[in-house]
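Quick notes on the structure that follows.
Sequence positions, counted from 1, serve as the residue numbers for this chain. Note that the structure is a prediction, hence the values are computed from the model and not measured. Atoms within each ligand, like the ligands themselves, are counted from 1 in listed order.
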Amino acid sequence: MVYLFFQQRALQPMYQASQSFHNLQLLDNSHKCAKYSPMRRNGKTKPVEFSEVDYPQVEYQRRQQFWDPIRLALFTLAIVAIIGIAIGIVTHFVVEDDRSFYYLASFKVTNIKYKENYGMKSSREFIERSHQIERMMSRIFRRSSGGGRFIKSHVIRLSPDEQGMNILMVLMFRYPSTDSAEQIKKRIERILYQSLKTKQLPLTINKSSFTLTSIDSKKMRNLLNSRCGIRMTSSNMPLPASSSTERIVQGRETAMEGEWPWQASLQLIGSGHQCGASLISNTWLLTAAHCFRKNKDPSQWIVTFGTTITPPAVQRSLGKIILHENYHRETNENDIALAQLTTRVEFSNIVQRVCLPDSSIKLPPKTSVFVTGFGSIVDDGPTQNKLRQARVETISTDVCNRKDVYDGLITSGMLCAGFMEGKVDACKGDSGGPLVYDNHDIWYLVGIVSWGQSCALPKKPGVYTRVTQYREWIASKTGI
Ligand code: ARG
């Protein structure tokens, strides 16, 4: 189809050229006719001799003149150029028509001892080790000749082995759709084996243990679903890092479906959206305890997922609400709650769970974090139908407890984020929603929107429930 289209276009200029050649002659002839118009003849002007027989000769000469060697050369050149461009565009289309190829790689590493915590995907040990392996993979492929073809890799599982440990990971590539999975597999193996031989790698990979299996996107998604905090576009490409600093309050609407797939909206039947929440498993949501001040009866609530409240991408009802036993409404302490769906949600590119950080993780002040929600964009404004996001920065508890800021109201279970100059903040209706942190493309829930004095005021940043502080509480209630 594409080829035919360009062939036609390539022929068109030729056709046009010959057309205009005719026009040229026609114009010329009419000009001549005017000169020898009968009126002038009648006006006794002596007509120049012009025999009908001469005429074809004149035209023949003109034709010859038109096709002089320079014109012919230029014309040929133009045609060659047009055909060249057409071929270029066709190949461009073919090459650009890339497709994702997914592989499951499994291999043994002999220079590292397996640690028990590798079995827990949220453990610091698993996270650090898998980042190291993922970094190594991207160094291997990015430096190779077909470097641009590698998209990313994800460790799925680390398991014990007498010689060290086994690694199971998915590798994602983009290659022209015309290539076969087998061809690509050979290329990938070649690159890998070469780097095993020549490069100093931090991990000693046992070559004979290496297996690579081509998998389809569904299998890949299922494997990735064993991991949390991964965002994907609908075409299964990883989403680019978020960088919004612009204008929740002074945030922006989320651009893409699947950008914040753990975001949920908690709605009270008959009164609509009340709060945000974050999906942490197929059935559990984490939110703020104060969201259930009005109503603690799960049958009165519904939960929706997706970037708009209406229409929702997925909808569920609530089966159970667990408030923190020590939630104090006067001080906002322990503003955390769990809500369980009556029926599980299947993970997809649109609905996905966020990772819970290990209780030992501490973010330094001024770390970039993102808050998302359907809350108002001005104090006391209406709920937004489209999800919004804003980039904010963590603020140390010392600064946040200053007399001119929150004057000692911030306790160990709270986390401040925003800007001292105000302007960007969560607001009413964002409560219960996520404050997330991106660590190597894996997103962690570090805060739950809890309270603040008005919205986006200078020296009054947002106050969030510090999730790390409640890691054990969450595990004790849900087993997650
Ligand atoms: N408590 C509010 C709610 O119910 C959210 C407060 C967040 N305020 C802020 N300035 N960050 O939605």
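The pair K115-E128 does not meet the salt-bridge criterion, since no charged nitrogen lies less than 4.0 angstrom from a carboxylate oxygen. Using a 4.0 Å cut-off between a side-chain N of Lys or Arg and a carboxylate O of Asp or Glu, E125 and R129 do not qualify as a salt bridge. The existence of a salt bridge linking K218 and D216 is excluded, since no basic side-chain nitrogen approaches an acidic carboxylate oxygen closer than 4.0 Å.
Pocket lining of ligand 1, defined as residues with a non-hydrogen atom under 4.0 Å away: H290, D425, A426, C427, K428, G429, D430, S431, V449, S450, W451, G452, S454, C455, G462.
Judged by distance alone, with hydrogens and angles left aside, the side-chain atoms of S348 form a donor-acceptor pair with the main-chain N or O of V351 at under 3.5 Å.
Residue pairs meeting the disulfide bond (SG atoms under 2.5 Å apart) criterion with at least one member in residues 336-389, sequence neighbours excluded, are C228-C355.
With no hydrogens or angles considered, no side-chain donor-acceptor pair links S180 and E182 at under 3.5 Å.
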